[in-house]
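Here is the structure we will look at, set down as structure tokens.
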Amino acid sequence: MVYDVIIIGGGPAGCAAAVYAARKRLKTLLITESFGGQSIVSDDIQNWIGEPHISGFDLAKKFEAHVRAFSDMVDIKIPERVTEIKSIKCLAGEERICDFEVATDKENKYEGKSIILTAGARRRKLNISGEDKFEGKGVAYCSTCDAPLFSGKKVAVVGGGNAGLEAVIDLFPYANEVFIMEYADNLKGDPVTQEEVKKNPKLKEIIFNAKTVEVLGDKFVTGIKYQNTKTGEEKVLEVEGIFVEIGSVPNSEMAKNLIDFDKYGQVIIDSKHSSTSHPGIFAAGDITDDPYKQNNISAGDAVKAALAAYNYLLKRSKTTPAAE
């Protein structure tokens with residue numbers, strides 16, 4: 001079977017794209033390792049429109065149920081991970097009008113006329129003892145999502161770049177005390193943002209030359225152990241929350257040599273249509289160079305991608321009888 005569109009990823013972007021593709025009566029394949037995306041670990045999501053409070057787990061279930069309601073148009077492969085995308089059957093005389101072959105870790109291959117990349121990104125982790133154990137139990141990776149959960153608490157932000165400083169600003173209205181832990185001996189964020197952060201009385205300390213060693217806790221986080229990179233001395237900072245803000249890695253490797261990326265490996269898109277540098281390939285969500293990594297934005301951009309894919313397929317079908 002040749003699908004009209006193959007969607008890669010089952011977070012808010014992938015699910016929104018699948019629903020809209022199905023409503024346009026496109027024969028759709030959705031391939032994902034799981035439903036829900038990065039927010040599945042959040043206990044209380046407060047900014048998904050229409051849901052004042054919902055857990056990441058419950059939101060993922062709603063995503064899945066919504067997509068499965070269109071089972072007549074959407075085939076789902078789960079758990080399955082895409083490893084490579086190739087362009088195939090490109091038409092002679094037509095500029096990059098191709099089908100696409102998608103290979104997965106299950107040694108399956110699927111063919112589609114268009115692709116929507118919604119594979120998201122993975123947060124860059126500290127890779128220290130206790131981090132995975134306390135993820136969602138005091139360890140967090142999205143201040144915009146989770147800052148309100150730390151109201152009245154003592155919180156550490158690991159990372160002194162722009163992402164870390166923005167997380168600190170997000171925490172100021174909620175946390176009682178905020179600490180910054182930076183591996184280097186200076187902050188890397190914009191000077192203006194640094195000034196804004198430093199003048200707030202809730203910022204208790206900037207700890208430089210701090211190599212994180214271990215996340216401590218019982219049922220929830222109680223502290224973080226770190227080592228001074230110059231003296232070798234180890235200390236424990238007692239906190240109730242830890243925000244890891246050392247960047248993220250887009251899950252874009254499967255499309256290497258096929259489309260354009262920025263220096264961070266993010267897929268470059270035309271924001272009007274969520275289109276990429278290769279005709280027939282669209283992208284939305286955290287895998288892209290959109291600066292705002294939010295569930296609602298990912299879903300909205302994916303709707304644009306699905307509608308743009310539909311229009312692309314209409315145009316493609318008129319290019320030449322051989323196109324189909």
Side-chain angles (χ1 to χ4, degrees), residues 38 42 44 46-47 121 123-128 130-131 134-217 220-249 262-264 266 286 289-294 297:
Q38 294 184 70
S42 298
D44 186 15
Q46 299 178 3
N47 56 358
R123 293 285 180 174
R124 196 182 300 278
K125 293 192 170 187
L126 299 170
N127 294 318
I128 60 175
E131 181 180 15
F134 292 103
E135 183 173 348
K137 298 177 182 178
V139 174
Y141 299 87
C142 177
S143 59
T144 307
C145 312
D146 295 331
L149 304 179
F150 293 83
S151 182
K153 295 185 177 181
K154 187 176 177 181
V155 182
V157 173
V158 181
N162 283 326
L165 297 182
E166 288 167 8
V168 171
I169 292 170
D170 286 342
L171 283 162
F172 280 152
Y174 305 102
N176 276 356
E177 299 181 10
V178 181
F179 297 78
I180 298 174
M181 306 182 72
E182 168 57 44
Y183 186 86
D185 57 7
N186 63 294
L187 297 178
K188 304 296 185 183
D190 295 332
V192 173
T193 310
Q194 289 189 40
E195 285 185 24
E196 181 180 354
V197 165
K198 289 176 180 178
K199 70 184 181 182
N200 193 301
K202 285 191 175 182
L203 179 67
K204 295 303 177 184
E205 186 180 359
I206 302 173
I207 305 172
F208 292 111
N209 306 305
K211 177 184 177 182
T212 53
V213 175
E214 182 180 3
V215 175
L216 307 174
F220 296 92
V221 165
T222 58
I224 184 167
K225 182 187 292 186
Y226 65 97
Q227 181 185 59
N228 185 294
T229 58
K230 291 188 174 180
T231 67
E233 181 184 7
E234 287 193 350
K235 292 184 178 181
V236 172
L237 177 65
E238 294 183 357
V239 291
E240 299 160 281
I242 301 167
F243 278 80
V244 180
E245 295 289 351
I246 55 174
S248 61
V249 182
D262 66 11
K263 64 181 180 179
Y264 303 108
Q266 299 177 126
D286 288 2
D289 62 346
D290 187 298
Y292 303 110
K293 313 300 189 187
Q294 293 293 300
I297 293 172

First locate atom [atom1] of [X], then atom [atom2] of [Y], and finally report the distance between them rounded to the nearest 0.5 Å.
| X | Y | atom1 | atom2 | answer |
| --- | --- | --- | --- | --- |
| Leu171 | Ser151 | CG | OG | 10.5 Å |
| Phe208 | Ile180 | CZ | CD1 | 7.5 Å |
| Ile224 | Leu126 | CD1 | CG | 6.0 Å |
| Lys204 | Lys202 | NZ | NZ | 9.5 Å |
| Ile242 | Phe179 | CD1 | CZ | 12.0 Å |
| Thr229 | Lys211 | OG1 | NZ | 9.0 Å |

For [X] against [Y], the heavy-atom pair lying closest together:
| X | Y | result |
| --- | --- | --- |
| Ala147 | Asp170 | CB-O, 3.6 Å |
| Pro148 | Ser143 | CD-O, 4.5 Å |
| Gly160 | Glu182 | N-OE1, 2.7 Å |
| Ala140 | Asp146 | CB-OD2, 3.9 Å |
| Val244 | Arg124 | CG1-O, 3.8 Å |
| Val155 | Ala175 | CG2-CB, 4.0 Å |

With sequence neighbours excluded, tell me which residues meet ring pair (Phe, Tyr, Trp, His ring centres under 6.0 Å) with Tyr226.
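None.
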Are any non-hydrogen side-chain atoms of [X] and [Y] less than 4.5 angstrom apart?
| X | Y | answer |
| --- | --- | --- |
| Phe172 | Leu203 | yes |
| Thr193 | Ile169 | yes |
| Asp185 | Asn209 | yes |
| Lys198 | Ile206 | yes |
| Ile207 | Asn228 | no |
| Lys188 | Asn186 | yes |
| Glu205 | Leu237 | no |
| Cys142 | Lys293 | no |

Where the side chain of [X] meets the backbone of [Y], is there a donor-acceptor pair that is under 3.5 Å apart?
| X | Y | result |
| --- | --- | --- |
| Lys225 | Leu216 | no |
| Glu245 | Gly161 | no |
| Glu240 | Lys153 | no |
| Asp190 | Val192 | no |
| Gln266 | Asp290 | no |
| Asn47 | Cys145 | no |
| Glu131 | Asn127 | yes |

Please report the C-alpha distance between Leu165 and Val157 in whole Å, then the side-chain angles of each, then the deciding distance to 0.1 Å, and finally whether the side-chain contact (heavy atoms from CB on, under 4.5 Å) criterion is met.
CA-CA 8 Å; Leu165 297 182; Val157 173; over 6 Å; no
Take Asn200 and Val168, measure what side-chain contact (heavy atoms from CB on, under 4.5 Å) needs, and give me the verdict at the end.
CA-CA 10 Å; Asn200 193 301; Val168 171; over 6 Å; no
Strictly by disulfide (SG to SG under 2.5 Å), give each pair with a member in residues 176-209 just once, sequence neighbours left out.
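Disulfide (SG to SG under 2.5 Å) check on residues 176-209 returns no pairs.
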Are there more than 12 heavy atoms of other residues, nucleotides or ligands under 6.0 Å from atom [atom1] of [X]?
| X | atom1 | answer |
| --- | --- | --- |
| Gln46 | CD | yes |
| Lys235 | NZ | no |
| Lys125 | NZ | yes |
| Tyr183 | OH | no |

